Amino acid sequence: MHDFRYVGNKLYCEGVSIESLAKNHGTPLYVYSQATLTRRFLELDRAMSPVDHLVCFAMKSNSNQSILRTIANLGGGFDIVSGGELQRVIAAGGDAKKCVFAGVGKTDAEIEFALRKGVYSFNAESEPELQRINKVAARLKKIAPVAVRLNPNVDAKTHAKITTGTYENKFGIAFEDIAGVYARASKLKHLRLRGLQMHIGSQLTDVKPFELAVKKVVPVVEALKAQHGIEFFSIGGGVGIVYQDAIASGDAKWWAQEGENILTPQKYAARLLPLLKNLGLRILMEPGRYISGNSGILVTRVEYVKRTGKKNFVIVDGAMNDLIRPAFYDAYHEIVPLTKKGGVTISSDVVGPVCESGDYFCKDRELPKVGEGDYLALLSAGAYGFVMASCYNTRSLAAEVLVSGKKSAVVRARQPVKDIWAGESVAAWLK
Ligand SMILES: *Cc1c(COP(=O)(O)O)cnc(C)c1O
């Protein structure tokens with residue numbers, strides 16, 4: 001469950017009216033619920049509690065300082081994918097020693113920075129990368145803890161742009177090659193083979209691909225433990241969430257449709273723990289979306305309603321530069337008014353002002369009739385939302401607000417327009 005619900009006819013985040021936030025801080029506006037974020041983290045943490053484990057929040061899904069601090073305060077670690085993310089999480093009060101560093105293209109400078117900060121593990125994706133980490137560690141007279149990302153060649157059956165665990169994509173090292181890679185890496189003097197990692201894709205709503213992958217990889221993990229003394233097995237992230245939220249259709253509780261098909265931490269743990277608990281290894285998880293996705297919404301204001309022969313266009317002040325998921329992944333976001341409307345609905349396209357046909361949030365969807373000045377919320381926008389925002393069309397980055405109970409705080413000020421070109425200049429010869 002999450003903490004966005006109607007109180008009377010007004011949409012609330014925990015104890016705060018979202019319309020009051022929109023009026024005070026302007027739109028487009030991201031609003032996050034600390035209670036939802038906390039609950040989601042703890043659900044996973046508790047589900048995995050029968051084994052030694054660490055939940056490393058994939059901070060690429062939402063890296064606002066307040067979000068990171070919330071996770072750090074709960075004892076969480078972080079899955080990072082760049083030196084910038086490591087700097088950011090340290091600035092937010094996170095512990096580098098609980099960070100795992102993923103990604104196929106780590107640079108010398110990033111490796112050096114992460115080594116100096118003492119990350120828990122580099123999750124390496126190729127042999128040249130292992131050699132590079134070894135070289136940088138040798139120069140610094142350090143030992144680098146590493147894990148290799150194994151590509152289990154399991155089809156996660158998710159969107160093509162977010163599937164990662166098959167040989168069609170750039171991630172990890174093939175199943176067949178793993179033993180040789182560890183054998184060669186064990187000869188590199190500045191590496192310590194600390195674990196094995198995998199991550200098969202994102203927004204998986206079925207436990208089966210996870211189960212298949214873990215079953216396939218466990219024998220490899222056992223062999224690596226025996227031969228190289230590895231300490232951890234990271235089963236990656238990818239736990240999916242519900243995007244089709246029933247609060248859109250009146251009073252129904254959103255979890256009413258959480259039928260058999262929804263992947264819960266309990267179901268995930270029930271199927272995976274029996275496979276993992278006898279390994280005698282620390283189990284790492286790298287969830288991003290499951291923790292942050294349902295914890296945030298994007299609030300936008302209706303500027304115009306444009307009727308054409310075929311369509312009812314609701315033109316809002318938020319756009320693909322604020323939330324690119326519909327354009328990029330064909331993603332579905334529930335769209336609800338901040339003030340509940342009775343009765344009539346109308347088939348609508350909700351579109352932004354950006355000059356791209358791809359700039360839409362939904363097409364031909366039955367929505368309550370809205371007019372100029374009404375506010376709409378795009379639900380489940382907490383993951384891969386603000387972090388993917390751009391200034392395309394010279395639109396400034398949206399503001400972000402964190403809510404906890406009856407409290408709210410602006411945790412990122414709206415970007416002043418002039419800041420968009422602050423680093424630019426006119427070349428001397430043009431003047
Ligand atoms: C993106 C990513 C994750 C998080 O994926 P979610 O679907 O958000 O849980 C975890 N691990 C790695 C290596 C990733 O690249």
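As the structure lists them, so they are numbered: ligands from 1, and atoms in each ligand from 1. Note that the structure is a prediction, hence the values are computed from the model and not measured.
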Show which atoms of ligand 1 fall inside a sub-4.0 Å distance from at least one heavy-atom site of [X].
X: Ala58; value: 3 (C), 4 (C)
X: Gly237; value: 9 (O), 10 (C)
X: Pro287; value: 9 (O)

Exercise for review: Go through the steps to decide whether Arg39 and Glu43 satisfy the test salt bridge (Lys or Arg N to Asp or Glu O under 4.0 Å), and finish with yes or no.
Suggested key: CA-CA 6 Å; Arg39 183 178 321 109; Glu43 277 175 12; 5.2 Å; no
Check your understanding: Is it true that Glu231 and Arg282 make a salt bridge, defined as a side-chain N closer than 4.0 Å to a carboxylate O?
Key -> no
Check your understanding: Ion pair present between Glu85 and Lys60, side-chain N to carboxylate O less than 4.0 angstrom?
Key -> no
N/O of [X] under 3.5 Å from N/O of ligand 1, yes or no?
X: Gln197; result: no
X: Ala102; result: no
X: Arg149; result: no
X: Val239; result: no

Check your understanding: Of the backbone atoms (N, CA, C, O) and the side-chain heavy atoms from C-beta on, which set of Asn123 has a member under 4.0 Å from an atom of ligand 1: side chain, backbone, both, or neither?
Key -> neither
Check your understanding: Just heavy atoms, cut-off under 4.0 Å: does Arg289 contact ligand 1 by side chain, backbone, both, or neither?
Key -> both
Check your understanding: Checking Glu112 side chain against Asp108 main chain: does a donor-acceptor pair fall under 3.5 Å?
Key -> no
**Study point:** Positive for side chain to side chain contact (heavy atoms under 4.5 Å, CB included) with Val410, one of Asn24, Leu21, Val401, Leu29
**Key:** Val401
**Study point:** Option among Thr300, Val350, Val336 that satisfies the side chain to side chain contact (heavy atoms under 4.5 Å, CB included) test with Leu378
**Key:** Thr300
Check your understanding: Hey, do the aromatic rings of Phe328 and Tyr384 have their centres closer than 6.0 Å?
Key -> no
Review point. For the residue pair His333 and Tyr243, does the interplanar ring angle fall in the parallel (under 30°), tilted (30 to 60°) or perpendicular (over 60°) class?
Key: perpendicular
Exercise for review: Would you please determine whether Ser61 falls within less than 4.0 Å of ligand 1 on a heavy-atom basis?
Suggested key: no
Review point. Non-hydrogen atoms of Gly238 versus ligand 1: any pair closer than 4.0 Å?
Key: yes
To the nearest 0.1 Å, how far is [atom] from its closest protein heavy atom, and which atom is that?
atom: atom 2 (C) of ligand 1; value: Lys60 NZ, 2.2 Å
atom: atom 7 (O) of ligand 1; value: Ser202 OG, 2.3 Å
atom: atom 10 (C) of ligand 1; value: Glu286 O, 3.1 Å
atom: atom 8 (O) of ligand 1; value: Tyr384 OH, 2.6 Å

Check your understanding: Going by atom types alone, do Arg40 and Ser295 pair a side-chain donor with an acceptor below 3.5 Å?
Key -> no
Practice item. For residues Ser396 and Val417, report the shortest heavy-atom separation together with the two atoms involved. Key: OG-CG2, 4.2 Å
